[in-house]
Amino acid sequence: MSKLQIQAYQTEVEKIIQYGGSRKETTIRVAFQKLLENYCENKNFILIPELDYRTKHNTTVYPDGTIKDALRLPWGYWENQDDNLDKEIQLKFSKGYPNDNILFEDSQTAVLIQSGVEIMRVSMANADKLDKLLTQFINYQRPEIKTFRQAIEQFK
């Protein structure tokens with residue numbers, strides 16, 4: 001099912017580019033947003049666009065998307081770029097964007113960063129690898145949740 005969703009995403013991006021004549025971030029990001037929303041449904045998460053995030057620098061940034069659960073806990077962040085991806089990643093981190101579970105993409109390449117480390121970088125044309133990256137992104141476990149679950153297992 002996920003690979004079908006990825007193929008639908010790829011088809012939609014090509015159609016947007018063909019009809020609109022533009023690869024701008026704001027033009028094509030809605031297609032990836034739909035794809036992420038599909039992955040979120042399986043975990044009962046919701047993707048909230050442009051939600052404010054208070055940084056360690058005491059400033060506010062607005063990731064393109066924040067994944068939240070019913071308890072309002074953030075599980076991940078998404079940023080769409082249309083410039084130099086590596087340069088934009090560094091720029092976002094210098095502004096204080098979260099680095100615990102964040103996905104950057106530019107419609108060509110997706111980069112997953114977890115716990116401040118680049119975990120995976122894939123071509124978005126490769127459905128298998130993109131599915132693996134999105135699955136790892138959406139299945140991320142917050143450290144406090146992981147610790148809590150381990151404690152529960154110890155008490156059993």
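For the numbers below, each heavy atom of this structure counts, side chains included, while hydrogens, waters and symmetry mates do not. Quantities reported herein were computed from a predicted structural model and do not represent experimental measurements.
Looking at every heavy atom in both residues, Q33 comes nearest to P49 through NE2-CG, 3.5 Å. The shortest non-hydrogen separation linking T60 to R54 is OG1-NH1, 2.6 Å. Taking both residues in full, the closest heavy atoms of I138 and C40 are given as CD1-SG, 3.7 Å, listed atom of the first, atom of the second, then distance. Counting all heavy atoms, side chain and backbone alike, D131 lies closest to I6 at N-CD1, 3.4 Å.
The cluster map of Ile, Leu, Val, Met, Phe, Trp and Tyr, joined by side-chain heavy atoms under 4.5 Å apart, puts I28 and L134 in the same cluster. Linking Ile, Leu, Val, Met, Phe, Trp and Tyr whenever their side-chain heavy atoms come within less than 4.5 Å puts L130 and I17 in one cluster. Hydrophobic clustering places F32 together with M120 (ILVMFWY residues linked when any side-chain heavy atoms are closer than 4.5 Å, directly or through intermediates). The same ILVMFWY cluster, assembled from side-chain heavy atoms under 4.5 Å apart, contains both L73 and L47.
Side chains of Y140 and I119 form no contact here, defined as non-hydrogen atoms less than 4.5 Å apart. Counting heavy atoms from C-beta outward, I102 and I89 have side chains that stay 4.5 Å or more apart. In this structure, the side chains of D82 and T27 stay at 4.5 Å or more apart for every pair of heavy atoms. Using a 4.5 Å heavy-atom cutoff, the side chains of K95 and T55 are not in contact.
The CG atom of L35 lies 7.0 Å from the CE atom of M124; values are rounded to the nearest 0.5 Å. Between atom OG of residue S123 and atom NZ of residue K129 there is a gap of 8.5 Å, rounded to the nearest 0.5 Å. Taken to the nearest 0.5 Å, the NZ atom of K92 stands 14.5 Å off from the CG atom of N99.
Listed by chain and number, the residues in a side-chain contact (heavy atoms from CB on, under 4.5 Å) with D64 are E25, R29, E50, W78, E79, N80 (sequence neighbours excluded). Remark: N126 pairs with no residue by the side chain to side chain donor-acceptor pair (under 3.5 Å) rule, at least two apart or across chains. Remark: F93 engages F104 in a ring-ring contact (aromatic ring centres under 6.0 Å, His included) (not counting sequence neighbours). Not a single side chain to side chain donor-acceptor pair (under 3.5 Å) links N42 to another residue, sequence neighbours left out. Judged as a side chain to side chain donor-acceptor pair (under 3.5 Å), and not counting sequence neighbours, N84 has no contacts. Residues passing the side-chain contact (heavy atoms from CB on, under 4.5 Å) test with S94 are L91, sequence neighbours excluded. For E41, the side chain to side chain donor-acceptor pair (under 3.5 Å) criterion is met by no residue, not counting sequence neighbours. Scanning for ring-ring contact (aromatic ring centres under 6.0 Å, His included) contacts around F45 gives W75, with sequence neighbours left out. Under the ring-ring contact (aromatic ring centres under 6.0 Å, His included) criterion, Y77 pairs with Y53, not counting sequence neighbours.
N139 and Y39 share no donor-acceptor pair across their side chains, judged by distance under 3.5 Å alone.
Listed by chain and number, the hydrophobic cluster partners of I48 are I46, L51, where partners are ILVMFWY side chains within reach of under 4.5 Å, directly or through others.
More than 12 non-hydrogen atoms from other residues, nucleotides or ligands lie less than 6.0 angstrom from NZ of K68.
The list of side-chain hydrogen bond (donor to acceptor under 3.5 Å, both in side chains) pairs with a residue in residues 7-16, not counting sequence neighbours, reads E12-K34.
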Would you tabulate the side-chain donor-acceptor contacts of residues 109-116 under 3.5 Å, counting partners in other chains and residues two or more places apart, or write 'none'?
residue	atom	partner	partner atom	Å
Q114	OE1	Q136	NE2	3.2
Q114	NE2	N101	OD1	2.9
Q114	NE2	Q136	O	3.4

